[in-house]
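Below: the structure, in structure tokens.
Numbered from 1 within each chain, the chains take letters A, B, ... in sequence-line order. What you are looking at is a predicted structure, and each value in this text was computed from that prediction instead of being measured.
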Protein chains: 2
Amino acid sequence: MNDALTILRRCGIKPTPQRIAVVNYVLKSTTHPTAEDVLDHSRKKCPTVSRATVYNTLNLLAAKGLLKTQVLKEGTVVFDPNARQHHHFIDDDTGVIYDIPWSSLAVSGKEKLRDYEVREYQVILRGRRTKRK
Amino acid sequence: MNDALTILRRCGIKPTPQRIAVVNYVLKSTTHPTAEDVLDHSRKKCPTVSRATVYNTLNLLAAKGLLKTQVLKEGTVVFDPNARQHHHFIDDDTGVIYDIPWSSLAVSGKEKLRDYEVREYQVILRGRRTKRK
DNA sequence: TTTTGTTCTTGACACCGTCTAAATTTAAAA
DNA sequence: TTTTAAATTTAGACGGTGTCAAGAACAAAA
């Protein structure tokens with residue numbers, strides 16, 4: 001089972017109603033929510049959850065590798081529950097962020113970059129989504 | 001001549017002491033300054049320049065294509081005076097952003113992305129700079 | 001029960017970027 | 001030159017994001 005309780009226990013994070021609410025939303029999300037998004041949705045399940053707890057929990061999950069923070073929007077970090085490597089496409093009109101599978105793109109030339117030790121990389125594309133899903 | 005005065009006139013922006021101070025710093029910068037960086041340095045030449053004027057001027061320059069705003073750091077936009085296409089490498093330890101020449105990397109597979117109309121793209125790499133310049 | 005340690009909440013805080021109203025500067029017209 | 005209008009700058013207020021500290025609530029153990 002991959003419910004929030006199991007996930008938290010497996011990571012050695014003590015489960016609490018607040019953390020369960022956060023995990024349930026953010027790890028099932030197919031979008032790229034901001035902390036504020038997570039707060040709003042978590043409060044539907046756990047009305048008293050505070051901003052600080054949401055940030056603490058999200059940062060805990062990030063430290064455990066269950067999600068990744070991405071700097072893709074101005075003024076705010078977004079949280080990405082897709083832990084596998086992938087690229088991102090950002091719609092100029094809507095600002096919506098789409099995941100692009102790792103296998104869709106190939107980047108050549110990294111190995112020739114002297115003086116740079118590359119730990120990770122991604123392609124960020126911008127433009128328009130032509131077809132709605 | 002490529003001094004600030006000439007640049008501003010060529011773009012149809014009325015030169016003022018404040019704008020000249022901003023342009024002189026940001027367009028000659030080889031780093032990726034934040035608005036706050038630009039404000040600090042501009043005040044050395046023009047001590048009364050205000051935050052709002054710096055933002056106004058930077059946004060004007062961006063609208064004219066003389067620089068580009070980049071979302072590469074958490075919590076703040078950086079301004080990039082390098083108007084040509086290029087990629088970015090961000091040092092894990094220092095946060096310093098380095099330009100990677102466009103010709104150094106090649107991205108293949110974009111043309112196969114159905115449903116996405118790509119207007120621009122770049123590779124963002126993270127890791128360590130191994131050699132100081 | 002009391003103790004101990006963890007977690008949560010509240011509210012304060014600093015920072016970024018935008019906005020507004022007022023003041024200043026500039027340019028143009030009389 | 002004086003007047004008028006337009007453009008620009010300024011200071012400060014504002015809303016949003018994220019962090020922090022202090023105390024309250026909670027759970028586990030003795």
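As a whole-Å value, the separation of B:Leu58 CG from C:dT18 C1' is 14 Å. Atom C1' of nucleotide D:dG18 and atom CG of A:Asn56 are separated by 11 Å, given to the nearest angstrom. Rounded to an integer number of Å, the gap from CZ of A:Arg51 to C1' of D:dG18 is 9 Å. As rounded to whole Å, 14 Å separates atom C1' of C:dC15 from atom CG of B:Asp37. C:dT18 atom C1' lies 15 Å from atom CG of B:Leu39, rounded to whole Å.
Counting any heavy atom pair closer than 4.0 Å across all strands shown, B:Glu74 reaches no nucleic acid atom. B:Thr34 comes within 4.0 angstrom of no nucleic acid atom, judged by non-hydrogen atoms across all strands.
Contact annotation: B:Thr76 side-chain N/O to C:dG17 OP1/OP2 distance is under 4.0 Å. For the OP1/OP2 pair of D:dG18 and a distance below 4.0 Å, the side-chain nitrogens and oxygens of A:Tyr55 include at least one atom meeting the criterion. A close approach under 4.0 Å does occur between a side-chain nitrogen or oxygen of B:Asn59 and OP1 or OP2 of C:dT18.
Around the CZ atom of B:Arg43, the shell of radius 6.0 Å holds more than 12 heavy atoms that belong to other residues, nucleotides or ligands. Counting non-hydrogen atoms of other residues, nucleotides and ligands closer than 6.0 Å to CZ of A:Arg114 gives a total of 12 or fewer. Counting non-hydrogen atoms of other residues, nucleotides and ligands closer than 6.0 Å to CZ of A:Arg84 gives a total of 12 or fewer.
A cation-pi contact, defined as under 6.0 Å to the ring centre and within 45° of the axis, links B:Arg129 to A:Tyr116.
Donor-acceptor pairing under 3.5 Å is recorded for the side chains of A:Asp3 and A:Thr6.
Distances from the side chain of A:Val77 to the nucleotides C:dC16, D:dG18, C:dC8 place D:dG18 closest.
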Legend entry - Stepwise side-chain contact (heavy atoms from CB on, under 4.5 Å) check, B:Asp80 with B:Leu67: CA-CA 5 Å; B:Asp80 191 339; B:Leu67 52 79; 5.9 Å; no
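Residues from residues 12-20 of chain B lying near DNA chain D, meaning a heavy-atom separation below 4.0 Å, are B:Lys14, B:Thr16, B:Gln18, B:Arg19 in numerical order.
Residue B:Ala52 is the one, among B:Ala52 and A:Val78, whose nearest nucleotide of DNA chain D lies closer to the 5' end (criterion: closest heavy atom).
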